[in-house]
Protein chains: 2
Amino acid sequence: MPGKALTPDQLLHVAERFKALAEPSRLDILQALKAGERNVGEILEKTGLGQANASKHLRVLHAAGFVERRKEGVSTYYRLADNDVFKLCELMCGRLEKEAHTRKKLFA
Amino acid sequence: MPGKALTPDQLLHVAERFKALAEPSRLDILQALKAGERNVGEILEKTGLGQANASKHLRVLHAAGFVERRKEGVSTYYRLADNDVFKLCELMCGRLEKEAHTRKKLFA
DNA sequence: TGTATATATGACTATATGGTTATTAAGTCT
DNA sequence: AGACTTAATAACCATATAGTCATATATACA
């Protein structure tokens with residue numbers, strides 16, 4: 001039975017995780033990490049985000065468990081914790097495509 | 001190749017969908033709809049949300065395509081648009097369980 | 001030690017949004 | 001028509017947060 005109701009506390013935790021993915025900048029960062037590990041400077045370059053801003057986004061992603069990090073000298077290297085992120089995004093993208101398709105049919 | 005980079009516009013849309021799920025109250029509403037179609041009054045009773053508040057949450061969920069609605073007389077009945085929501089939530093819950101497990105090991 | 005570099009953090013502003021109360025709109029009933 | 005019910009909307013407040021600037025921390029290097 002894949003359907004036990006979640007407690008308010010669990011709902012809060014799940015919502016928190018979704019919130020980490022509910023920001024275009026953070027999704028962009030995750031995309032930048034898809035090819036592999038990158039340090040903050042490389043992430044800035046790839047995404048065009050400001051340094052402080054990106055640092056905060058990375059903290060959120062790390063707190064939510066989507067990225068892991070590793071210090072090397074003065075740099076911090078971030079990488080995806082796993083590929084759940086893309087499973088989630090692909091599901092969402094699938095929905096968007098389906099929507100687009102429906103909209104197209106409406107206008108046809 | 002399941003890995004085309006998303007455009008900023010697409011990132012925005014995906015983030016918007018995640019944002020719809022990034023609120024405990026909305027997840028609670030979705031849970032309440034898991035058993036089947038319900039009108040707003042029933043949703044209020046099940047979730048304990050205020051009427052205006054729930055109405056706004058329902059609008060967000062509808063705009064994001066997670067629920068569909070049907071008017072019957074003076075009532076509005078809402079239902080889940082599909083079960084993607086639960087695929088998404090189960091993925092997140094799986095992550096939480098894994099985290100909990102890791103934490104437990106740390107304290108062991 | 002002093003300087004440069006990379007990242008994190010704190011302070012601040014502007015905006016978005018969750019929750020509440022009051023009101024509106026639409027349907028039902030007598 | 002008038003009273004009642006259900007849901008949506010508007011106005012409002014309080015809080016959260018994305019973005020930016022300035023500063024702190026930490027490592028490397030001369």
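The structure presented is a predicted model; accordingly, all values stated were derived computationally and were not measured. Because only heavy atoms are used, hydrogens play no part in the values below, and waters and symmetry mates are left out as well, while side chains stay in.
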In terms of side-chain heavy atoms of B:R59, which of D:dT9, C:dA8, C:dT9 is nearest?
D:dT9
What's B:Y77 touching, base or sugar-phosphate or nothing? Going by heavy atoms closer than 4.0 Å.
nothing
The bend of the helix from C:dT1-D:dA30 to C:dT30-D:dA1, taken between the axes of its five terminal pairs at each end and rounded to 10°, is 10°
In whole Å, what is the span from the CZ atom of A:R38 to the P atom of C:dT7?
13 Å
Can you tell me the distance, in whole Å, between the NZ atom of A:K71 and the C1' atom of C:dT7?
6 Å
Side chains of A:R69 and A:Y78, donor plus acceptor under 3.5 Å:
yes
Between P on C:dA6 and CZ on A:R70, what's the gap in Å once rounded to a whole number?
16 Å
Using only side-chain N and O atoms of A:Y78, determine if any of them is under 4.0 Å from OP1 or OP2 of C:dA8.
yes
Is any side-chain N or O of A:H57 closer than 4.0 Å to OP1 or OP2 of D:dG19?
yes
Whole-Å distance between C:dG18 C1' and A:F18 CZ?
19 Å
Whole-Å distance, A:L58 CG to C:dA6 C1', equals 13 Å
If you take all heavy atoms of B:P24 and A:L11, which pair is closest and at what distance?
O-CD1, 4.0 Å
Hey, does the side chain of B:Q10 reach the backbone of B:T7 with a donor-acceptor pair shorter than 3.5 angstrom?
yes
Among the candidates D:dT27, D:dT6, C:dA8, find the nucleotide nearest to the side-chain atoms of A:S55.
C:dA8
With heavy atoms under 4.0 Å as the rule, sort A:E23 into base, sugar-phosphate or nothing.
sugar-phosphate
Quick one: list whatever passes side-chain contact (heavy atoms from CB on, under 4.5 Å) with A:S25, sequence neighbours left out.
A:L49, A:H57
Per side-chain contact (heavy atoms from CB on, under 4.5 Å), B:I29 is matched among B:L44, B:V60, B:V67, B:L61 by B:L61
Measure from CG on B:L49 to P on D:dT6 and round the result to the nearest Å.
17 Å
What about A:Q51, does its side chain sit under 3.5 Å from the base of C:dA8 through a donor-acceptor pair?
yes
Closest-nucleotide mapping onto DNA chain D: is B:K56 or B:E42 further toward the 5' terminus? I mean the 5' end.
B:E42
Quick check on C:dA6: is either OP1 or OP2 less than 4.0 Å from any side-chain nitrogen or oxygen of A:T76?
no
Answer yes or no on whether A:K34 is positioned over the face of A:F86, meaning its NZ or CZ is under 6.0 Å from the six-membered ring centre and within 45° of the axis.
yes
Residue closer to the 5' end of DNA chain C, B:G50 versus B:E72 (nearest nucleotide):
B:G50
Options D:dA7, C:dT7, C:dG19, nucleotide nearest the side-chain atoms of A:N39:
C:dT7
So, the side chain of B:E42 versus the backbone of B:N39: is there a donor-acceptor pair under 3.5 Å, distance only?
yes
Strictly below 4.0 Å: does A:S75 bring a side-chain N or O up to OP1 or OP2 of C:dT5?
no
What nucleotide, of D:dA22, D:dA7, C:dG18, holds the atom closest to the side chain of A:A52?
D:dA22
Select one nucleotide: of C:dT7, C:dA6, C:dG18, the one nearest the side-chain heavy atoms of A:V74.
C:dA6
Whole angstroms only, please: what is the CG-C1' distance between A:L61 and D:dA18?
14 Å
Expressed as a whole number of angstroms, how long is the span from B:D28:CG to C:dG18:P?
15 Å
Under-4.0 Å salt bridge between B:E68 and B:R70
no
